Structure formats: C-alpha cells, structure tokens
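Fair warning: this is a prediction, and the values are worked out from it, not measured in the lab. So that the names make sense, note that chain A is the first sequence line, chain B the second, and so on, each numbered from 1.
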Amino acid sequence: MPELPEVETIKRSLLPLLVGKKIINVDIKVPNLLKYPLADKEHFEEVLKGSTFLDIQRRGKYLLFHLNKGWILVIHLRMTGRLLYTPKDQTIEKHTHVIFSLDDGNDLRFHDIRKFGLIYLVPQDGLHLLKGLSGLGPEPLSDDFSLDSFKLALKNKKQKIKPLLLNQNFIAGIGNIYADEILFQAKVHPEEIISNLGEDKIEKIYDAIRDRLTKGIEFRGTSIKDYVDGLGQSGMFQNELKIYGKKGELCLNCGHVFERINVGGRSSTICPWCQKKN
DNA sequence: ACCTTTGTTAAGGC
DNA sequence: TGCCTTAACAAAGG
Ligand SMILES: [Zn+2]
C-alpha cells in the first residue's frame with residue numbers, strides 16, 4: 001500500500017537511474033491500466049517510444065515522469081503496484097503488465113497483483129485533465145502545510161477525523177497505515193468529531209502527521225506485504241509501526257489490548273485507553 | 001466460495 | 001446547496 005513515504009522512496013530510488021535514459025520500446029500487456037485522457041495503447045506506444053526521462057516528481061501518491069517532447073507519464077500505484085528497474089534479461093515475473101525498455105539495457109517494469117494501478121499520459125500543460133491529481137490537498141511536508149492553515153481547514157468541520165486525514169483533497173498522501181500511526185501518536189480516536197478536538201489535540205495531530213511521514217521516508221517506507229522501492233528493496237518502517245495491524249497486541253504506553261474497529265468503511269486499529277473519544 | 005485488502009469517486013442523505 | 005456518509009469498484013490471494 002504505497003502511501004506518501006513509499007511513493008517518495010520509489011521516486012528517490014528511480015530518479016538517478018532514469019533521468020537521461022531513453023525509452024526504446026514499450027510492451028503494454030494489460031491496456032486496461034491505461035486511463036484518460038486517451039486510453040489508447042497505440043497512442044501510449046507512439047508517444048513513449050523514443051522519449052527520454054527528464055525528471056520525476058511526486059505529488060501525493062502520484063508519480064510524475066516528465067518526458068522530453070512535452071509529455072508527462074503519470075502513475076498511481078494504488079494498492080499493490082510496483083515500479084521496478086530491472087535488467088532486461090531478468091525473468092519476467094507474473095503480474096508484470098507494462099515493460100518500458102530503456103537504452104541502458106534495463107527495463108522499467110510495472111508490476112501489479114491487483115491491477116488497480118493507473119497510468120496516464122498527458123501533455124505538459126494538461127495536468128488539470130487529471131481530476132484526482134489536480135484536486136489534491138496540500139503536501140503535508142511542504143511549507144504550505146502550516147499549523148495555522150491546518151487549524152483553519154478544520155474549523156467548523158463536523159465529521160470524523162480519520163476519514164478526513166484519508167481524504168486526498170484535504171491533505172495529500174496519507175493512507176490507512178500512516179493514518180492509524182498518526183492518530184495513535186496524537187492519542188486521538190479515529191471517530192473523534194473534529195469540532196470536539198481542542199487546540200492542543202489539533203497541534204498533536206499536526207505534529208504527528210509531519211513526524212510519522214518524515215520518519216516513514218527516513219526508514220524508506222513500510223514493507224508489510226507488497227511494497228518495495230524501484231530496485232526491489234524493502235523498507236524498514238514496518239519495524240517502527242506502533243499500532244497498524246496489531247490488533248490483540250498490548251499497548252506499550254498503557255498495557256491495554258489493541259482493538260480493531262471499522263471507520264468510514266476502513267479497518268482501524270486503536271488503543272481503547274489511549275485513544276478515548278471526548 | 002467468501003472475505004479481506006485500499007484509494008478513489010459517484011451517489012445518497014440530511 | 002453544502003456538508004458529510006456510504007457504498008461500489010477495481011482483482012486476486014488466503
Ligand atoms: Zn494505550
């Protein structure tokens with residue numbers, strides 16, 4: 001489940017390997033992954049073949065591959081997507097759906113067990129065509145995301161806190177793993193109604209967002225089931241998790257047993273003692 | 001054969 | 001109408 005820290009780690013691992021490399025061939029085995037604006041296999045092949053990578057950016061959970069000739073390849077990995085820089089002679093693993101052959105003897109392979117990933121190809125000035133991308137909220141680790149702006153954005157809201165943290169239009173890049181870790185660190189119940197949160201709790205949530213995401217990047221992401229970086233290497237943040245997926249284990253703060261509840265249709269693990277509702 | 005997983009969005013409700 | 005919740009969908013592994 002690549003969230004902000006995982007996607008950022010993939011970006012950092014691929015950047016030095018891809019910039020300046022030219023795509024000499026594209027093999028699209030599963031055209032369904034190609035999406036709007038023009039979900040057409042031949043179109044993708046025609047544009048991508050002969051294009052060179054200029055830069056890679058991350059926005060939320062999206063990866064933006066800037067190509068010469070004025071196009072941007074946009075990829076979202078959703079649940080199980082992987083982008084793997086692989087020697088071209090290496091055996092092609094099951095669930096490899098797109099292969100970009102590079103002029104350095106390697107491939108960039110898109111691998112996705114669930115096939116939920118999304119691949120877009122837009123003109124340089126056409127990013128606004130991608131609704132999910134252009135509607136994203138602030139980057140939580142950028143200066144745009146200040147404590148004051150966070151407080152302002154939460155003002156008068158009457159919904160539960162966790163679904164809002166997962167709302168990409170409100171704040172970009174947080175998924176279920178980091179949301180649980182953030183709320184546990186801030187000692188806030190995921191179903192807490194935002195208007196019931198005091199200033200101190202809002203500050204704690206703000207600090208926890210910055211802290212957990214930063215640490216997630218430092219530890220090169222969370223590898224629980226599927227996630228690996230662009231070189232196939234696992235991260236280490238799974239060893240730092242304090243609550244996600246730990247139903248039945250003991251809280252290290254208070255000794256109570258972690259419970260699993262459903263919030264907004266998503267499973268959530270909580271400490272019933274540390275994360276009480278107001 | 002059913003249940004779980006999650007990100008995103010369309011549809012529904014108040 | 002605006003704010004918020006719910007459910008559906010994608011696909012395959014356990
Ligand atoms: Zn506790």
Kindly state whether the ring of A:Trp71 and the ring of A:His43 have centres lying under 6.0 angstrom apart.
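So the answer is yes for these two rings.
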
In this structure, is the centre-to-centre distance between the rings of A:Phe237 and A:Tyr178 below 6.0 Å?
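Yes, the ring of A:Tyr178 comes within the 6.0 Å limit of the ring of A:Phe237, centre to centre.
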
Ignoring backbone atoms, test whether [X] places a side-chain nitrogen or oxygen under 4.0 Å from the OP1 or OP2 oxygen of [N].
X        : N      : answer
A:His95  : C:dG13 : yes
A:Lys115 : C:dA12 : yes
A:Gln159 : C:dT5  : yes

Just the rounded figure in Å: distance from [atom2] of [N] to [atom1] of [X].
X        : N      : atom1 : atom2 : value
A:Lys155 : C:dC4  : NZ    : C1'   : 20 Å
A:Ile161 : C:dT5  : CD1   : P     : 11 Å
A:Glu93  : C:dA12 : CD    : P     : 16 Å
A:Phe116 : C:dA8  : CZ    : P     : 15 Å
A:His97  : C:dA10 : NE2   : P     : 15 Å
A:Asn156 : C:dC3  : CG    : P     : 10 Å
A:Lys162 : C:dT6  : NZ    : P     : 14 Å
A:Asn262 : C:dT5  : CG    : P     : 13 Å

Looking for any heavy atom pair under 4.0 Å, which part of the strands does A:Ser267 touch: base, sugar-phosphate only, or nothing?
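Sugar-phosphate: the residue A:Ser267, judged by heavy atoms under 4.0 Å, touches backbone atoms but no base.
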
Any base atoms under 4.0 Å from A:Tyr244, or only sugar-phosphate, or nothing? Heavy atoms, all strands.
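It contacts sugar-phosphate atoms only.
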
Output, in order, the C-alpha distance, side-chain angles, deciding distance and verdict of salt bridge (charged side-chain N to carboxylate O under 4.0 Å, His left out) for A:Glu192 and A:Lys162.
CA-CA 8 Å; A:Glu192 186 64 87; A:Lys162 182 172 173 183; over 6 Å; no

Residues [X], [Y]: salt bridge by 4.0 Å N-O rule:
X        : Y        : result
A:Lys247 : A:Glu259 : no
A:Asp211 : A:Lys215 : yes
A:Lys277 : A:Glu191 : yes

Give a yes-or-no answer on whether the side chains of A:Tyr85 and A:Asp104 include a donor-acceptor pair shorter than 3.5 Å.
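Checked: A:Tyr85/A:Asp104 side chains pair up, N/O donor to acceptor below 3.5 Å.
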
How do A:Asn167 and A:Met79 order along DNA chain B: which one's closest nucleotide is nearer the 5' end?
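Checking each residue's closest nucleotide, the 5'-ward one belongs to A:Met79.
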
Between A:Tyr62 and A:Arg260, just flag the one whose closest nucleotide in DNA chain B comes earlier from the 5' side.
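The answer here is A:Arg260.
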
Closest-nucleotide ordering on DNA chain C, the 5'-leading residue of A:Arg266 and A:Ile193:
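It is A:Ile193 whose nearest nucleotide is closer to the 5' end.
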
So where does chain A start and stop touching DNA chain B, 5' to 3', when the test is distance under 4.0 Å to a non-hydrogen atom?
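Going 5' to 3' along DNA chain B, contacts run B:dT5 to B:dA10.
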
